[in-house]
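I have placed the structure first, in the form of structure tokens, so that the comments after it can refer back to it.
Quick caveat: nothing in here was measured; it's all calculated off a predicted structure. Quick note: residue numbers are just sequence positions, from 1.
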Amino acid sequence: MFFVLSLPSQQTFTAWCNSHLRKAGTQIDNIEEDFRDGLKLMLLLEVISGERLAKPERGKMRVHKISNVNKALDFIASKGVKLVSIGAEEIVDGNAKMTLGMIWTIILRFAIQDISVEETSAKEGLLLWCQRKTAPYKNVNIQNFHISWKDGLGFCALIHRHRPELIDYGKLRKDDPMTNLNTAFDVAEKYLDIPKMLDAEDIVGTARPDEKAIMTYVSSFYHAFSGAQKLLEWIRRTIPWLENRMPENTMQTMQQKLEDFRDYRRLHKPPKVQEKCQLEINFNTLQTKLRLSNRPAFMPSEGKMVSDINNAWGSLEGAEKGYEEWLLNEIRRLERLDHLAEKFRQKAAIHEAWTDGKEEMLQKHDYETASLSEIKALLKKHEAFESDLAAHQDRVEQIAAIAQELNELDYYDSPSVNARCQRICDQWDALGALTQKRSEALQRTEKLLETIDQLYLEFAKRAAPFNNWMEGAMEDLQDTFIVHTIEEIQGLSTAHEQFKATLPEADKERQAILGIHNEIAKIVQTYHVNMAGSNPYTTINPQEVNAKWDKVRQLVPQRDQALIEEHARQQNNERLRRQFANQANVIGPWIQTKMEEIGRISIEMHGTLEDQLTHLRQYEKSIVNYKPKIDQLEGDHQLIQEALIFDNKHTNYTMEHIRVGWEQLLTTIARTINEIENQILTRDAKGISQEQLNEYRASFNHFDRDHSGALGAEEFKACLISLGFDIANDAQKRSGIMDAEDFKTCLISVGYNLGENEFSRIMSIVDPNRMGVVTFQAFIDFMSRETADTDTADQVIASFKVLAGDKNYILADELLRELPPDQAEYCMARMAPYTGPDGVPGALDYMSFSTALYGESDL
């Protein structure tokens with residue numbers, strides 16, 4: 001709607017709005033600003049319509065204001081008014097043109113549209129009403145809502161026609177419009193409760209007064225003077241509303257009706273009571289003044305008499321009576337119905353949520369591919385579901401009972417409740433049938449799988465050891481055996497024959513195991529069991545059993561052939577062993593014997609050194625002549641090695657023993673010959689007598705216990721002490737040489753008081769290679785040199801005299817106490833009994849012993 005903004009329109013509309021808002025105890029000051037939040041706009045519509053709008057938003061944000069204005073615009077639109085180009089945003093933004101356009105739309109709808117005069121309505125009806133009311137007055141000719149009202153006589157005529165006592169119409173002049181207009185405006189505001197909406201100056205000073213402003217103002221006169229008609233129309237509209245006892249379907253609607261009725265009693269009826277009273281007062285006053293003026297009595301049009309108003313008012317109060325009680329009873333009934341309906345919905349929703357997916361679950365064929373453990377779990381789960389199903393029986397019965405009660409209380413939505421209840425009952429019956437069907441299927445499947453499981457278990461118990469036996473058999477049959485004797489291969493052959501004897505029994509076990517599998521397959525085929533997997537107790541299958549059995553059967557003849565070949569090889573090896581052993585058992589003892597004979601020659605000292613040398617060279621020749629037999633034995637040993645023979649029970653000799661013995665024999669004869677030759681050279685060069693040489697050898701040999709031809713350190717030490725020197729040490733073994741400690745002890749025993757430095761010097765002489773031992777040759781070299789430079793007999797006698805405590809003899813106990821046992825025994829065995837006058841029983845002559853060793857003493 002396009003609206004031309006004018007000051008008279010704005011002033012008029014503001015006054016018109018305030019004439020209604022003051023009934024609610026408020027007003028506006030600025031029509032552009034005061035309607036922006038939508039609150040007073042909604043209040044204005046409630047006052048002029050007598051209806052309640054939706055609850056307004058109390059927030060101060062723009063979105064709250066737009067929401068309130070939209071509620072007002074929606075209410076206007078609900079009254080059949082088309083709002084063209086008027087939006088909530090423009091009103092909230094304070095758009096003056098849009099705001100005035102909206103107010104004008106409200107005025108047209110609620111102040112002008114309902115005016116009806118002689119089959120004309122709205123603007124035309126209002127114009128006709130004005131023409132009819134002003135027709136008796138001279139100088140008044142109402143043809144429009146602008147220039148026809150400029151002189152003010154039209155307004156005064158309307159007031160005088162209805163309230164002649166308020167204006168002295170005869171004194172008014174057409175040429176004084178300012179007085180006429182102000183008189184009409186003041187009287188209307190003071191006595192008719194019509195606010196001043198126009199300014200006389202604006203009307204007089206304008207060639208064409210604002211039509212909308214005048215129309216709005218004139219409509220207020222219509223509504224002020226058509227009180228009886230308006231009151232009757234209000235009563236006629238209200239009575240059907242109060243007589244309407246049609247029950248509503250929802251609690252909210254009935255509560256709204258109760259709220260509307262209370263608004264009617266509190267807000268709408270009290271003004272109508274005052275209006276009715278004022279009409280009666282005005283009517284009586286009018287009649288009195290007409291009578292006093294000798295004028296005819298005022299006769300309202302047909303149906304608008306005071307009696308008509310009283311009759312209509314009585315009907316109104318009759319309709320009103322009991323309406324509130326009916327509303328309260330209906331609210332209580334609806335409250336009960338709402339409670340039952342909500343209870344029905346809650347229980348139905350809970351039940352439907354519980355049953356959701358249950359039919360699909362019960363119709364599953366998951367048991368067809370389940371294992372036994374899974375079937376048992378499914379059965380437990382199904383038993384729990386059956387218990388749950390039984391527990392829900394009460395809820396289904398409660399739902400049906402509530403639905404029945406809702407029907408009995410004539411619930412408006414009973415058809416949907418009944419349909420929902422029927423669906424629940426039908427579904428409940430279906431769940432029961434499906435539950436029974438699934439239970440039977442699970443139990444049947446469980447029995448079949450238990451039977452199959454027992455067969456699986458039996459198959460596993462028998463297949464596992466049989467499979468292990470076959471694997472062990474294959475492993476044994478393919479084992480690359482290593483044997484070294486004929487007895488070992490014979491043992492393997494015997495064990496193999498015993499194994500072959502078990503094969504028929506093993507084949508029976510195999511067939512029994514396969515029979516178990518065949519029984520399982522028969523059950524699966526007969527009852528159409530869908531096996532989800534393989535045997536849970538074993539990974540062994542019939543194909544594997546058959547494959548391994550075939551492999552065992554193939555390996556048996558291969559093993560037979562391998563054993564035959566090995567048996568022949570071991571027979572040949574046995575022949576080689578015996579051939580080698582026969583020769584080794586002769587050669588080994590021969591070498592040992594020769595070694596012992598050579599040792600005796602060098603130790604026993606039979607004859608002169610030259611005789612010993614001759615005898616040894618004859619031995620050497622006989623030994624060299626024995627070499628071909630050693631070579632022959634080497635040839636036999638090579639054959640044994642080529643045959644990979646590692647042991648020989650027929651002899652304790654190995655080729656390595658023979659070689660080492662042969663090499664030692666050659667080395668020993670050569671060394672012994674060399675020693676004799678060196679001894680001859682030493683004897684001749686040092687002038688040592690044969691007797692001294694023999695004594696050295698006797699002492700040396702006594703302590704050379706292992707007959708190795710050399711003395712170790714301890715042996716050499718013991719040897720020297722046995723010659724009469726007080727050196728506390730132990731004899732250990734005879735190695736043919738003296739180590740450093742033995743030689744040191746020996747030197748001390750012949751009179752040397754050696755420190756470490758002196759002993760080291762002597763050891764560097766007798767052991768230049770620092771081997772730590774003293775050979776017999778070095779020993780006799782040293783002894784021959786020392787005996788040539790030192791009177792050893794006197795030294796030895798002096799040593800024994802110290803041991804004997806200055807006595808001329810020594811006792812066995814003193815030797816045992818002062819010397820090691822072997823040295824003491826050596827001296828006791830060679831000392832003669834003492835025969836001097838101071839002797840005692842058991843006395844030994846150490847002087848003759850020392851003289852025998854080292855020559856005559858000067859003592």
Closest heavy-atom contact between M655 and I630?
-> CE-O, 4.5 Å
Which value, rounded to the nearest 0.5 Å, describes the distance between I489 atom CD1 and H567 atom NE2?
-> 7.0 Å
Does L844 reach the side chain of L811, with side-chain heavy atoms less than 4.5 Å apart?
-> no
Within a radius of less than 6.0 Å around CD of E642, do more than 12 heavy atoms belonging to other residues, nucleotides or ligands occur?
-> yes
NZ (K629) with more than 12 external heavy atoms under 6.0 Å | no
Do we see a donor-acceptor contact under 3.5 Å between the side chains of S848 and D845?
-> yes
Where do A643 and N573 come nearest, in terms of heavy atoms and distance?
-> CB-OD1, 3.4 Å
Taking C-beta and beyond as the side chain, do T538 and N467 meet within less than 4.5 Å on heavy atoms?
-> no
Side chains of R569 and N572: donor-acceptor distance under 3.5 Å anywhere?
-> no
Worked verdict on K801 versus D806 for side-chain contact (heavy atoms from CB on, under 4.5 Å) = CA-CA 5 Å; K801 194 173 186 67; D806 290 334; 4.0 Å; yes
Measure from the side-chain N and O atoms of Q632 to the backbone N and O of P628, and report whether any donor-acceptor pair falls under 3.5 Å.
-> no
Derivation and outcome, side-chain contact (heavy atoms from CB on, under 4.5 Å), residues E544 and N541 | CA-CA 5 Å; E544 185 179 353; N541 55 59; 3.3 Å; yes
Is there side-chain contact between K649 and T485, with at least one heavy-atom pair below 4.5 Å?
-> no
Any donor and acceptor pair, going by atom type alone, linking the side chain of N585 with main-chain N or O of H650 inside 3.5 Å?
-> yes
Of all the heavy-atom pairs spanning A584 and I658, show the shortest one and how long it is.
-> O-CD1, 4.3 Å
Tell me, yes or no, whether the heavy-atom count around N652 atom CG, taken from other residues, nucleotides or ligands under 6.0 Å, exceeds 12.
-> no
Do the side-chain N and O atoms of D838 and Y809 include a donor-acceptor pair separated by under 3.5 angstrom?
-> no
Is any side-chain N of the basic residue among R817 and D813 closer than 4.0 Å to the acidic one's carboxylate O?
-> no
Evaluate side-chain contact (heavy atoms from CB on, under 4.5 Å) for K551 paired with L477, printing each intermediate quantity in order.
-> CA-CA 10 Å; K551 182 66 174 177; L477 291 171; over 6 Å; no
Kindly give the heavy-atom pair with the smallest separation between I540 and A463, and that separation in Å.
-> CD1-O, 3.8 Å
Residues in ring-ring contact (aromatic ring centres under 6.0 Å, His included) contact with F459, at least two apart in sequence or another chain = none
Are the side chain of N674 and the backbone of A670 linked by a donor-acceptor contact shorter than 3.5 Å?
-> no
Could you pull out all residues at least two apart from Y653 that satisfy ring-ring contact (aromatic ring centres under 6.0 Å, His included)?
-> none
Looking at OG1 of T668 and CD of E597, how far apart are the two atoms once the value is rounded to the nearest 0.5 Å?
-> 13.0 Å
Partners of I640 by side-chain contact (heavy atoms from CB on, under 4.5 Å), sequence neighbours excluded?
-> L576, F580, I645
Could you walk me through whether M847 and Y834 pass side-chain contact (heavy atoms from CB on, under 4.5 Å), step by step?
-> CA-CA 9 Å; M847 293 184 180; Y834 179 69; over 6 Å; no
List for me each residue that meets side-chain contact (heavy atoms from CB on, under 4.5 Å) alongside A804, sequence neighbours excluded, and say none if there are none.
-> K807, I810, E814, Y846
Nearest-0.5 Å distance that lies between atom CD in Q478 and atom CD in Q554 = 10.0 Å
Does the side chain of K594 come within less than 4.5 Å of I669's, by heavy atoms?
-> no
Report yes if the side chains of I598 and I623 come closer than 4.5 Å at any heavy-atom pair, otherwise no.
-> yes
Working to the nearest 0.5 Å, report the span between CG of D476 and CD of E471.
-> 11.5 Å
Give a yes or no on whether the backbone of K621 and the side-chain of N625 come within a donor-acceptor separation of less than 3.5 Å.
-> yes
Please identify each residue that fulfils ring-ring contact (aromatic ring centres under 6.0 Å, His included) with W469, with sequence neighbours left out.
-> F466, F499
Would you call F800 and M831 a side-chain contact if the rule is heavy atoms closer than 4.5 Å?
-> yes
Hey, are E574 and R578 close enough for a salt bridge, meaning a charged N less than 4.0 Å from a carboxylate O?
-> yes
Residues L819 and C827: closest non-hydrogen pair is CD1-SG, 4.2 Å
Euclidean distance, L665 CG relative to Y619 OH, rounded to 0.5 Å | 10.5 Å
Scanning both residues in full, the closest heavy-atom pair of I591 with G661 reads CG2-O, 3.5 Å
Is there a side-chain contact between L492 and H496, using heavy atoms and a 4.5 Å cut-off?
-> no
Between the side chains of T654 and H657, is a donor N or O closer than 3.5 angstrom to an acceptor N or O?
-> yes
Under the salt bridge (Lys or Arg N to Asp or Glu O under 4.0 Å) rule, collect the residues that match up with R617, sequence neighbours excluded.
-> E677
Is a side-chain N or O of D479 found less than 3.5 angstrom from the main chain of E475, in a donor-acceptor match?
-> no
Can you tell me if Q583 and H637 form a side-chain donor-acceptor pair at under 3.5 Å?
-> no
Tell me, do R510 and R462 make a side-chain contact under 4.5 Å, heavy atoms counted?
-> no
Side chain of D507, backbone of L503: donor and acceptor closer than 3.5 Å?
-> no
Gap between atom CZ of R671 and atom CG of N678 - 0.5 Å precision = 12.5 Å
Side chain to side chain donor-acceptor pair (under 3.5 Å) evaluation trace for Q638 with E634 = CA-CA 6 Å; Q638 183 176 354; E634 284 284 3; over 6 Å; no
Is the closest basic N to carboxylate O distance between R553 and D550 below 4.0 Å?
-> no
Any Lys/Arg nitrogen of E458 or K461 sitting under 4.0 Å from an Asp/Glu carboxylate oxygen of the other?
-> no
